[in-house]
Amino acid sequence: MGNWFELSIVDTGRLPLFCFFVALIGAFVATRVNVRLIRAKVGWFRNVNVGEMHIHHVVFGVVLMLVGGVSGLIVSSASQVAYSAAAAVFGIGSALVLDEFALILHLHDVYWEEEGRTSVDAVFIAVAMTGLLLTGLRPLSFDYGTPVNPGALLVANMALAVITLLKGKIWTGIVGLFVPVLLLVSAVRLARPGSPWAHLFYQKRRPRKLATAAHREERWRRPVIRAKIAVQEFVSGRHDLPSTRRGRRQN
């Protein structure tokens, strides 16, 4: 294990990325344990308040990201250990910010509401992308051993990624940046029924395709979504409060 870490992480210059990865996961888990204890009113766990103002942990996250980012720039040429420490601070700050990503997105406290699951999705995506980078994969890589112009491959990959994302396949689009064959498969398959692609090309022009997409969504994707929500709730707690966003839209 020690030899693997030395050869695959330290010698390849990935120690700062590894420290960011570990800090991101550790800080996210610690934050979710803390907020769940606060919600359950266990012991001395309480929200941070200044007078009547509740200080969200995204505030501390922004400060830590600034400290880690600026420190990383200062010590980047000093030593890998110092750079890794700065990366770890940046990872902790990133976890705090991403854990309240939904609040930033909606500009409203939806932490325990259905919309709050967006924060967990954001953390999962960040962890997945960092993990892929740690394995040595690079997004939109051109080295396919083909005589095709690298610039043309880059443009083609980006176009396929945009199509995949427009078809509502977020996870496939992100992972496909590192494994381009997934982009090719997803780009030629049917879009999800609620996606921008389906709205533009299926809703009025090809209702049969929209019906097929809706059937596949109900039969194949819904069970996957339910499983994903179960995992999210196991990790982060239940997002079961009534949506105040919907109430505001109706008023």
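Side chains included, hydrogens not; waters and symmetry mates left out as well; all remaining heavy atoms used.
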### Task
Take R222 and E217, measure what side-chain contact (heavy atoms from CB on, under 4.5 Å) needs, and give me the verdict at the end.
CA-CA 6 Å; R222 291 301 177 191; E217 181 84 3; 4.0 Å; yes
### Test log, rule side-chain contact (heavy atoms from CB on, under 4.5 Å), inputs E115 and L105
CA-CA 10 Å; E115 292 89 346; L105 179 65; over 6 Å; no
### Query
Yes or no on side-chain contact (heavy atoms from CB on, under 4.5 Å) for F101 and V123, after CA distance, side-chain angles and deciding distance?
CA-CA 9 Å; F101 176 78; V123 174; over 6 Å; no
#### Entry: Working for side-chain contact (heavy atoms from CB on, under 4.5 Å), residues V120 and H239
CA-CA 11 Å; V120 188; H239 296 81; 4.0 Å; yes
### Query
Is there a salt bridge (charged side-chain N to carboxylate O under 4.0 Å, His left out) between R117 and D240 once you walk through the steps?
CA-CA 10 Å; R117 293 187 185 129; D240 53 3; over 6 Å; no
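Atom NE2 of H199 sits in a sparse spot, with 12 or fewer heavy atoms from other residues, nucleotides or ligands closer than 6.0 Å. At most 12 heavy atoms of other shown residues, nucleotides or ligands fall within 6.0 angstrom of atom OH in Y83. Residue R39 qualifies as enclosed at atom CZ: its count of foreign heavy atoms under 6.0 Å is above 12.
Between K228 atom NZ and W171 atom CH2 the span is 8.0 Å, to the nearest 0.5 Å. Distance check: L37 CG to F45 CZ gives 4.5 Å after rounding to the nearest 0.5 Å. In this structure, the separation between OG1 on T135 and CG on L133 is 7.5 Å, given to the nearest 0.5 Å. Atom CG in L177 sits 7.0 Å away from atom CG in L165 (nearest 0.5 Å). Taken from CD1 in I229 to CD in E114, the straight-line distance is 7.0 Å, to the nearest 0.5 Å. For the atom pair E6 CD and D11 CG, the distance stands at 5.0 Å (nearest 0.5 Å).
Nearest heavy-atom pair across S195 and G168 is CB-N, 3.6 Å. When all heavy atoms of L64 and G93 are compared, the pair lying nearest together is CB-CA, 3.7 Å. Residues R46 and I38 come closest through the heavy atom pair O-CD1, 3.5 Å. Between Q80 and L15, the closest heavy-atom pair is OE1-CB, 3.2 Å. In plain terms, the two heavy atoms of A126 and L98 that are nearest each other are CB-CD1, 3.6 Å. Here the shortest heavy-atom pairing between H106 and V110 reads CD2-CG2, 3.9 Å.
Residues V10 and F18 have side chains not in contact (no heavy-atom distance under 4.5 Å, counting atoms from C-beta outward). Counting heavy atoms from C-beta on, the side chains of R221 and R216 never come closer than 4.5 Å. In this structure, D121 and Q232 have side chains that are in contact, with non-hydrogen atoms separated by less than 4.5 Å. Using a 4.5 Å heavy-atom cutoff, the side chains of I125 and M129 are in contact. P223 has its side chain within reach of R226: a pair of non-hydrogen atoms, C-beta onward, lies under 4.5 Å apart. You'll find the side chain of I92 stays beyond 4.5 Å of the side chain of M65, heavy atoms only. Between V97 and I104, some side-chain heavy-atom pair lies under the 4.5 Å cut-off. No side-chain heavy atom of F28 sits less than 4.5 Å from a side-chain heavy atom of V127.
Judged by distance alone, with hydrogens and angles left aside, the side-chain atoms of Y202 form a donor-acceptor pair with the main-chain N or O of A191 at under 3.5 Å. The main-chain N or O of R192 is never found under 3.5 Å from a side-chain atom of K167 such that the two would form a donor-acceptor pair. With hydrogens and angles disregarded, a donor-acceptor distance shorter than 3.5 Å links the side chain of R14 to the backbone of L134. In terms of modelled atom types and a separation under 3.5 Å, the side chain of T172 and the main chain of K169 share no donor-acceptor contact.
In the hydrophobic clustering of ILVMFWY residues, with side-chain heavy atoms under 4.5 Å counting as a link, V231 and V35 come out apart. A continuous path of Ile, Leu, Val, Met, Phe, Trp and Tyr side chains, each step under 4.5 Å between heavy atoms, connects L166 with L190, placing both in one hydrophobic cluster. Placement of V175 and V185 in two distinct hydrophobic clusters is found when ILVMFWY residues are connected by side-chain heavy-atom separations under 4.5 Å, directly or transitively. V50 and V58 end up in the same hydrophobic cluster when Ile, Leu, Val, Met, Phe, Trp and Tyr side chains are linked at under 4.5 Å. Hydrophobic clustering of Ile, Leu, Val, Met, Phe, Trp and Tyr side chains at less than 4.5 Å, counting indirect connections, unites I170 with F178.
Both tests hold for R32 against W112: distance to the six-membered ring centre under 6.0 Å, angle to the ring axis within 45°.
Using a 30° and 60° split on the angle between ring planes, W197 and F201 fall in the tilted class, from 30° to 60°. Taking the six-membered ring for Trp and thresholds of 30 and 60 degrees, F90 and F20 have ring planes inclined between 30 and 60 degrees apart.
With no hydrogens or angles considered, no side-chain donor-acceptor pair links E100 and S119 at under 3.5 Å.
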